[in-house]
Visitor: 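Right, I'll just put the structure down here and ask away after.
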Amino acid sequence: MTNPSPQPPVARRVETIREHHGDRVVDPYEWLRDKGSPEVVAHLEAENAYTEAMTAHLAPLTEQVYDEIRTRTQETDLSVPSAYRGWWYYSRISAGEQYGRECRVPVRPGELPPELTDGAPPAGEQVLLDAEALAADADFFGVGSSEISHDGTLYAYAVDLTGDEVYDLVVTWVGDDPTRTGPVGEVVDDAVHKVGYGLAFSRDGRHVFYARNDDAWRQFQVWRHEVGTPADQDVLVHEETDERFWVGVGSSRDDAWIIIAAGSKDTSETWLLPADDPCGEPRCVAPRREGVEYDAEPAGDRLLITHNATHEDFELAQAPLGSTSAEDWQSLYAAAPGERVVGVDAFQRHAVVSLRRDGLTALAVMDRTDDPGGTVGPDGGGFGPMRPLVMDEELGTIGVGDNPDYASHVLRIGFTSLVTPRSVYDVDLVTGERTLLRQTPVLGGVDLGDYVQHREWATAADGTRIPISVVHRKDVVADGTAPGLVYGYGSYEASMDPWFSVARLSLLDRGFVWALAHVRGGGEMGRQWYLQGRMQHKRNTFTDFVACAEHLVDAGWVAPDRLVAEGGSAGGLLMGAVANLAPDRFRAIHAQVPFVDALTTILDPSLPLTVGEWEEWGNPLADPQVYAYMKGYSPYDNVAARPYPAILATTSLNDSRVYYVEPAKWVARLRELATNDLTTRPILLKTEMVAGHGGVSGRYHAWREAAFEYAWLIDQAGASS
């Protein structure tokens with residue numbers, strides 16, 4: 001006698017009425033939003049138990065994939081050290097540790113940077129932050145921002161123990177002072193709670209600047225705290241009253257400025273405050289103009305400005321250091337056709353420009369041709385022509401690395417691709433010499449030469465060519481038999497650039513073709529690429545993804561019945577939309593922290609992020625056309641009585657960005673209406689009960705979670721044998 005299949009939880013129906021623009025919607029599962037309800041918690045726990053029962057047969061495969069991830073990772077490791085103000089700074093972790101520690105050792109003339117010797121820490125090491133010890137009794141542990149004071153005696157960090165991305169600020173003493181009786185690492189200030197992202201010290205270290213969130217989880221204020229004083233004496237430095245705008249705070253590389261930046265989805269504004277005058281008034285670089293985005297990078301005697309005031313794909317300009325108007329901006333370089341200027345990093349003798357070209361990242365260097373202590377001339381001169389930094393691979397991601405020293409002529413960069421682990425280089429900007437400092441090792445007998453990457457192009461319904469980055473083993477051929485996974489995001493102008501993944505090898509070694517679909521709504525191909533997948537053009541994101549899936553099948557790279565899909569957050573919205581749009585195209589879908597109840601969320605301005613999101617999706621409260629358009633694609637609103645792919649929705653109870661209730665409601669409605677056999681194509685919900693948007697914390701926990709998710713996808717694609 002066989003055991004009966006586990007029975008899925010059935011969420012009770014409670015009619016909640018939502019009415020806008022004459023449209024009346026009955027939502028039977030909105031009651032699941034009450035996170036404090038014992039019934040809601042019990043329902044989520046029942047869903048977890050059901051998922052565990054339905055995936056019990058995957059335990060050996062999950063363990064196998066987990067072991068593959070672990071044995072291919074160098075568990076005792078030390079990052080490439082960076083020199084700053086007489087110290088080498090680095091991260092270090094040992095086998096068996098979930099979190100590791102942040103450390104430094106003094107720079108000694110004639111000595112090489114610190115390294116591990118037989119796993120032992122470098123001599124003279126000072127531990128700034130022992131995350132492993134701090135997290136010992138915590139179910140979740142995350143560090144948001146951290147900062148060292150200018151003189152190197154104070155270390156500030158922000159810690160989160162729930163996953164909701166609301167942090168407590170801790171300042172420790174890490175200096176060498178014979179007049180102090182306390183130990184190095186002693187907590188000297190933990191008075192400030194509920195801070196957001198971003199920290200900055202005044203030059204004398206007496207004050208630390210931080211940001212706060214409002215009730216809708218919008219970072220809207222910057223505060224100044226005097227170290228060692230009560231938090232109720234803190235001073236509000238800046239407050240953003242426009243609910244579309246977020247505020248951040250940080251320090252300039254030349255250590256001269258505290259930078260306060262505010263931005264909505266398409267407008268920005270920056271203020272500068274001298275780091276040696278922390279109680280002064282911040283100065284606005286240029287008043288905001290609707291639709292104009294800019295970043296200001298202090299460069300010694302001038303500012304470097306990246307902006308879109310005159311070019312849709314941005315340009316680089318300079319302005320006098322004391323500038324308070326965009327009229328002062330003098331162009332240095334405007335984006336060429338097929339190019340996007342992304343940003344600039346200033347150094348004493350150079351400017352490093354980050355670009356996008358033909359859908360990929362790029363870097364270029366401009367040498368200063370004048371005296372860095374001089375002034376900006378009327379001709380806008382002072383910099384030579386741009387010269388590119390070129391890597392050898394067809395596909396890859398290059399970016400500026402950790403470069404704290406403003407005076408250095410050596411640039412640290414990072415590079416990775418689908419077949420190349422993260423590689424750290426030092427580039428001498430005077431001689432052009434490039435030195436590979438480290439490539440993240442891949443252990444376990446892996447031969448990286450066994451894998452190949454290439455670019456494919458799909459054709460969307462409107463004729464637009466959509467790039468796809470593809471990786472697989474060399475021995476996989478396009479004969480229409482391989483399992484495949486296609487991954488996508490496609491929102492906020494965020495570019496999904498090729499990256500290396502040790503965990504992904506477990507798919508590739510089982511014959512998978514893994515594809516990254518660069519759909520519209522992202523920023524891969526410039527500003528128009530984003531605009532064509534935003535607001536009233538959002539459907540392009542979904543149809544582009546389906547076109548990419550169809551191309552992989554038509555080109556023979558993937559078997560039509562062995563294709564699975566994956567995406568998270570706004571990429572989870574993508575997963576929900578394509579499940580409705582093309583349910584027969586995918587065998588299974590993994591939706592991570594998915595934004596699948598989009599219309600309900602964007603209709604409620606009291607929820608986190610909503611008001612700022614109106615510039616991304618439109619405002620359905622005010623505009624009936626936006627309401628109708630969003631209702632036409634919002635995944636939860638469009639679940640119908642049809643067969644669906646197998647679906648695994650993963651979420652976290654304390655997620656502040658996409659509430660757990662969205663996938664919980666979506667799964668309940670899918671189970672209610674889906675006509676497929678739920679034993680062979682299950683619809684599952686897995687909720688981390690102590691975690692946030694990024695999932696579980698701790699590297700071994702994260703590896704195990706990734707192993708479970710990949711095991712499920714492998715099984716659904718029929719690749720487990």
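All values below come from the heavy atoms of this structure, side chains included, with hydrogens, waters and symmetry mates left out. These figures come from a predicted structure and were not determined experimentally.
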Visitor: Tell me yes or no: between the side chains of Glu339 and Tyr333, is some donor less than 3.5 Å from an acceptor?
Guide: yes
Visitor: Considering residues at least two apart in sequence or located in another chain, which fulfil the salt bridge (charged side-chain N to carboxylate O under 4.0 Å, His left out) criterion with Arg104?
Guide: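 Not a single residue meets the salt bridge (charged side-chain N to carboxylate O under 4.0 Å, His left out) criterion with Arg104.
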Visitor: Quick test of your reading of the model: are Glu132 and Arg92 salt-bridged, counting only N-O distances below 4.0 Å?
Guide: no
Visitor: With a 4.5 Å limit on heavy-atom distance, are the side chains of Leu355 and Thr361 in contact?
Guide: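 Sidechains of Thr361 and Leu355: no contact.
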Visitor: Pairing donors with acceptors under 3.5 angstrom, does anything connect the side chains of Ser652 and His693?
Guide: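 No.
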Visitor: How close do Phe500 and Leu418 get, heavy atom to heavy atom, and via which atoms?
Guide: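 Of all heavy-atom pairs spanning Phe500 and Leu418, the closest is CD1-O, 3.6 Å.
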Visitor: If we ignore hydrogens and angles and just use 3.5 Å, is the side chain of Ser146 paired with the main-chain N or O of Gly144 as donor and acceptor?
Guide: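 Here the side-chain-to-backbone pair does not exist.
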Visitor: Regarding Gln98 and His701, is there a side-chain donor-to-acceptor distance under 3.5 Å anywhere?
Guide: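 A pair is found: one side chain offers a donor N or O, the other an acceptor, under 3.5 Å apart.
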Visitor: State whether Arg412 and Asp402 are salt-bridged, where the test is any N-O pair (Lys NZ or Arg NE/NH1/NH2 against Asp/Glu carboxylate O) under 4.0 Å.
Guide: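 Answer for the salt bridge query: no.
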Visitor: Please list all pairs meeting side chain to side chain donor-acceptor pair (under 3.5 Å) that have one or both residues in residues 107-123, counting only residues at least two apart or in different chains.
Guide: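 Those involving residues 107-123 do not exist here.
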Visitor: Is the shortest distance from a Lys or Arg side-chain nitrogen in Glu165 or Arg657 to a carboxylate oxygen in the other one below 4.0 Å?
Guide: yes
Visitor: Does the ring centre of Tyr294 sit less than 6.0 Å away from the ring centre of Phe314?
Guide: no
Visitor: If you look at every heavy atom in Met386 and Met366, which pair is closest and at what distance?
Guide: CG-CG, 3.2 Å
Visitor: If only side-chain N and O atoms count, and only distance matters, is there a donor-acceptor pair under 3.5 Å linking Tyr700 with Glu705?
Guide: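 No donor-acceptor contact under 3.5 Å links the two side chains.
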Visitor: Counting only N and O atoms by type, is there a donor-acceptor contact under 3.5 Å from the side chain of Ser417 to the main-chain atoms of Gly396?
Guide: no
Visitor: Just by modelled atom types, is the Arg368 backbone N or O under 3.5 Å from a matching donor or acceptor in the Arg349 side chain?
Guide: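 Yes; judged by distance alone, with no hydrogens or angles, the pair exists.
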Visitor: Nearest heavy-atom pair of Thr162 and Asn654: which atoms, and what distance?
Guide: O-ND2, 2.9 Å
Visitor: Tell me whether the rings of Trp499 and Trp514 are parallel (<30°), tilted (30 to 60°) or perpendicular (>60°).
Guide: perpendicular
Visitor: Are Trp246 and Trp217 an aromatic pair by the rule of ring centers under 6.0 Å?
Guide: yes
Visitor: Can you check whether Gly175's main-chain N or O pairs, donor with acceptor, with Thr153's side chain at less than 3.5 Å?
Guide: no
Visitor: Can a donor-acceptor pair be found, under 3.5 Å and without considering hydrogens, that links the side chain of Ser268 to the backbone of Ala262?
Guide: no
Visitor: Could you label the plane-to-plane angle of the Tyr210 and Trp223 rings as parallel, tilted or perpendicular, counting under 30° as parallel and over 60° as perpendicular?
Guide: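 If you compare the ring of Tyr210 with that of Trp223, the planes turn out parallel.
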Visitor: Which pair of heavy atoms, one from Leu112 and one from Trp88, lies closest together, and at what distance?
Guide: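 Distance-wise, the nearest heavy atoms are O-NE1, 4.5 Å.
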Visitor: Where the side chain of Ser495 meets the backbone of Gly522, is there a donor-acceptor pair that is under 3.5 Å apart?
Guide: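 Flag not set: sc Ser495 to bb Gly522 has no pair under 3.5 Å.
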Visitor: Could you tell me how the ring of Tyr157 sits relative to the ring of Tyr155: parallel (under 30°), tilted (30 to 60°) or perpendicular (over 60°)?
Guide: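 Rings of Tyr157 and Tyr155: tilted, 30 to 60°.
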Visitor: Can a side-chain donor-acceptor contact be found between Asp345 and His350 if the only test is distance below 3.5 angstrom?
Guide: no
Visitor: For Ala135, which residues count as a side-chain contact (heavy atoms from CB on, under 4.5 Å) partner, sequence neighbours excluded?
Guide: Tyr99, Phe141
Visitor: Regarding Glu393 and Gln453, do their side chains bring together a donor and an acceptor under 3.5 Å, going by distance alone?
Guide: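 Yes.
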Visitor: Can you label the angle between the Trp329 ring and the His307 ring as parallel, tilted or perpendicular, going by 30° and 60°?
Guide: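 Ring orientation of Trp329 relative to His307: tilted.
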